Amino acid sequence: MNKICPSLEEAVSDVPDGASIMIGGFGDAGVPFEMIDALVAQGAKELTIISNNAGTAQEGIAKLIHLGRVRKIVCSFPRQADSKAFDERYLSGELTLDLVPQGNLAERIRAAGAGIGAFFTPTAYGTLLAEGKETREINGRHYVLEYPISADYAFIKAFKGDALGNLVYRKTARNFGPVMATAAKCTIAQVTEVVEVGALDPETVVTPGIFVKRVVQVGPAHADGPAQH
Amino acid sequence: MNKICPSLEEAVSDVPDGASIMIGGFGDAGVPFEMIDALVAQGAKELTIISNNAGTAQEGIAKLIHLGRVRKIVCSFPRQADSKAFDERYLSGELTLDLVPQGNLAERIRAAGAGIGAFFTPTAYGTLLAEGKETREINGRHYVLEYPISADYAFIKAFKGDALGNLVYRKTARNFGPVMATAAKCTIAQVTEVVEVGALDPETVVTPGIFVKRVVQVGPAHADGPAQH
Amino acid sequence: MSQDFQRLSRREIAIRVAADIPDGSYANLGIGAPTEVADCLPEGVTIILHTENGLLGMGPKPPPGEEDVDLMNAGKQYVTALPGASYFHHADSFAMMRGGHLDYCVLGAYQVSVKGDLANWHTGAKDAIPAVGGAMDLAIGAKSVFVMMDLLTKKGVCKLVERCTSPLTGVACVRRVYTDHATFDITPAGVVAHDLAPGLTHEALETLCGLKLLRKS
Amino acid sequence: MSQDFQRLSRREIAIRVAADIPDGSYANLGIGAPTEVADCLPEGVTIILHTENGLLGMGPKPPPGEEDVDLMNAGKQYVTALPGASYFHHADSFAMMRGGHLDYCVLGAYQVSVKGDLANWHTGAKDAIPAVGGAMDLAIGAKSVFVMMDLLTKKGVCKLVERCTSPLTGVACVRRVYTDHATFDITPAGVVAHDLAPGLTHEALETLCGLKLLRKS
């Protein structure tokens, strides 16, 4: 079993038009920028992107949006200081936005990975973002019924990975990676360092290899930090 | 902030009659035997115990049951080779059993800790253990609605812990500990070794201290293994 | 009605909030003004800070040059991790909030209603690009949710209201509101005003708010 | 009807199951007979084994004297962990199963119906002390659920049935049943019997089962 893929180009080569893709990261931490660049070069369009943010400036998801490759985005916080690409496409109606509270986004992704059919969450009860959704009072508290979010692909960034797909992350760059890895048909991880099978302590593996299809090393391995972009 | 408690006796001293207690462990691994012994000595009765097993021989939960301290047990697998204590009390009607499939038990405990009001699970659909429960078809699959399980106390066993309550576990002794820790009002962890705050790598902490109220060191610290009982 | 009183500075409000968070608490301080509470904790008090992007035990910002691109808070500012910290993924982090494990959460607000409804994610302006982030999760994400805000908008309109006109973030979730004019407790009996700014009378405050306010008994 | 045929041994059944699990698969082998499948994997084939008590990458039992009380499988037998293994807690472990991440799960059974219903947790006997463990989670816990069992009870009653009489573990969850008489595929068109024991005819098998069986096309 060897999930190491020699290049990002090869790793993203089979993404078809119309695919749904989860993209890890919060702010810049944990965003697989290089893999997104490879997808830009690959050319897939009509994409649905599931991610916490919608990118800033011309980087990452903003690049995909700017190029008109994205038809729908599911996220919690698209508006940022320099989210011009998103703002333009959204206001012109070319881009559909499904706005999801951040914790519901994480939990709905987890539900997809965990085989949960739906769950009652207190978050967003009584707000615009729960309009039209089923609600229920349970033990005196009000809840909204939310459904799983899955995807064809998950693009995530981890710190170290092995040929079996086991991953560990680095600090707050962990964020959405571990849950997204469980909820996509094909999870691709770019890692700062590929290590030998057996080098990761089984007690500290965050994403067991079963959730990962492809691992690509990006940039030189640093002993003391992640690749800068 | 110092959650270290000098003795098991003190750690379990406030457990009242009628309390609900989650007890970690699967088979013998991860069972806080010494803490259960302290509870036996403390004398609390009319207890509800939530645990995967109901104990074997005269050890652990079996001891509590044998002494008539337990009025209800919520578990997945009470019947074992030498579960005489359970068998007797159950067949005589002195002990109520709420039988829960193991994965539903884990997920219902997680739900309690995660503030989820209820969730739809495919497990047990169409079986005796889903009788009378609400069901729903979602995207062509059948699900049963299950509710959270919380408790007054969680008694768990971990490998190492610090004064802030951070815990790491050892191999398959991890099992129910991390989820139970999130679902009880008062989680008490017996650990093989208490370490200095800062000694546990923040990347590898399994149970963040927020979930733990008391930490007790049990037995001599081993560098290479857990305490035997 | 006299305006002859001394409004509290943002720092003074933060000091009041900090004084109400007991030693040994777990807290999440929202983006913006609430972040200042961390700097106002009394000497010797240990409050463990949570940031929803996956860190418990958050420390202050790093010295210049020691920023780590993988270590930030929910406001996307560089932070540090204190000894005894732990990292976790987003589902676990929001489970920690939703499950009621944090003792306190301190948030900013556009409006708070007398019933404790919170509006802080969307002004309600048409054509505004919506973004919610963790606001709705934070609103229900602690045993006690505190709001820290100026009482009046720049145009002088009171933000403590009978009923919110801006879109809600959460329903009946706020327990106490710290402002530059006074502190307000949301109680089943009504809103209790206390710790009024020096020189401000209860009656003057009621007039400013356009609300009947209870006195602390 | 002649009984002049050679039933497969438990090991021969395990070899058949093992042959159908492709290299690189993730699998959970239930307690009892299914455990033997691990010993029958062809040379050079890597199957990563999951045990629901929190380990992916389970290895064989340790040499005598090297047992670790903290390292066991779901059957509470001592095991080892192979290089590249990982440990996780029970909620994560069952999420892995329930979420359909395992390719194969191999289970024992009291009865399997022609629709793929599984009965393997409770004989239905009155006064029996019930215990379910992970049975119901395993039944729905893999992309393909295989059953491995003797076709007949000790009293000669067929365990492949029109409708289960024992309490169900899962509904329409079994894809294939490996027995000492033949292998049965549960398909929408009906049950397909193949790989019959040497000397056993399709007609004789139908008589034994009291069922109409399809031939492999």
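Chain letters run A, B, ... following the sequence lines, proteins first, then strands; residues in each count from 1. These figures come from a predicted structure and were not determined experimentally.
Residue-environment remark: CD (D:Glu162) stays at or below the threshold of 12 foreign heavy atoms within 6.0 Å. For D:Lys61, the NZ atom is loosely surrounded, since the number of other residues' heavy atoms within 6.0 Å does not exceed 12. For B:Lys84, the NZ atom is loosely surrounded, since the number of other residues' heavy atoms within 6.0 Å does not exceed 12. Other residues, nucleotides and ligands contribute only 12 or fewer heavy atoms inside 6.0 Å of the CZ atom of D:Arg10. Enclosure of atom NZ in D:Lys143 by more than 12 non-hydrogen atoms of other residues, nucleotides or ligands within 6.0 angstrom is indicated. Atom NE2 of B:His66 has 12 or fewer heavy atoms from other residues, nucleotides or ligands within 6.0 Å.
Applying a 4.5 Å heavy-atom cutoff, the residues of residues 121-128 of chain B that approach chain D are B:Thr121, B:Pro122, B:Thr123, B:Ala124, B:Tyr125, B:Gly126, B:Thr127, B:Leu128.
For chain D, the option among B:Cys75, B:Pro101, B:Ala173 with the highest count of heavy-atom pairs below 4.5 Å is B:Pro101. The residue among B:Gly177, B:Ala106, B:Gly27, B:Gly103 with the most heavy atom pairs within less than 4.5 Å of chain D is B:Gly103.
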Verdict with reasoning, B:Phe77 to D:Val132, per side-chain contact (heavy atoms from CB on, under 4.5 Å):
CA-CA 6 Å; B:Phe77 211 83; D:Val132 65; 5.9 Å; no
Evaluate the salt bridge (Lys or Arg N to Asp or Glu O under 4.0 Å) criterion for residues D:Lys76 and B:Asp28: first the C-alpha distance (whole Å), next the side-chain angles of each, then the deciding distance (0.1 Å), finally the verdict.
CA-CA 8 Å; D:Lys76 285 141 194 170; B:Asp28 282 358; over 6 Å; no
side-chain contact (heavy atoms from CB on, under 4.5 Å) evaluation trace for D:Arg98 with B:Glu107:
CA-CA 11 Å; D:Arg98 197 190 308 108; B:Glu107 189 70 11; 3.6 Å; yes
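You'll find the ring centres of D:His89 and B:Phe176 outside the 6.0 Å limit.
The shortest non-hydrogen separation linking B:Phe26 to D:Ala74 is CZ-O, 3.5 Å.
We find the CG-CG distance between D:Leu168 and B:Leu129 to be 11.0 Å, quoted to the nearest 0.5 Å. Once rounded to the nearest 0.5 Å, the distance linking CG of D:Leu71 with CZ of B:Arg170 reads 8.0 Å. With rounding to the nearest 0.5 Å, the separation of OH in B:Tyr169 from CZ in D:Phe88 is 15.5 Å. To the nearest 0.5 angstrom, D:Ile140 atom CD1 is 5.5 Å from B:Arg141 atom CZ. B:Lys171 NZ to D:Leu55 CG: the interatomic distance, rounded to the nearest 0.5 Å, is 10.0 Å. Distance CD1/B:Ile109 to NE2/D:His90: 9.5 Å, rounded to 0.5 Å.
When side chains are defined from C-beta on, B:Thr172 counts as touching D:Tyr87, because their heavy atoms get closer than 4.5 Å.
With a threshold of 4.5 angstrom between heavy atoms, D:Phe94 approaches chain B through side-chain atoms but not through N, CA, C or O. Residue B:Val100 touches chain D through its backbone alone, counting heavy-atom pairs closer than 4.5 Å. For a residue to count as touching a neighbouring chain, one of its non-hydrogen atoms must lie under 4.5 Å from one of that chain's; by this rule B:Leu97 touches chain D with the side chain only. Only the side chain of B:Phe86 comes within contact range of chain D, judged by heavy atoms closer than 4.5 Å. In this structure, chain D has a heavy atom under 4.5 Å from the side chain of B:Leu91, while its backbone stays farther away. For chain B, the nearby part of D:Asn73 is the backbone; its heavy atoms alone come within less than 4.5 Å. In this structure, the portion of D:Thr169 lying under 4.5 Å from any heavy atom of chain B is its backbone and not its side chain. Looking at B:Asn104, both its backbone and its side chain come within 4.5 Å of chain D, counting heavy atoms on both sides.
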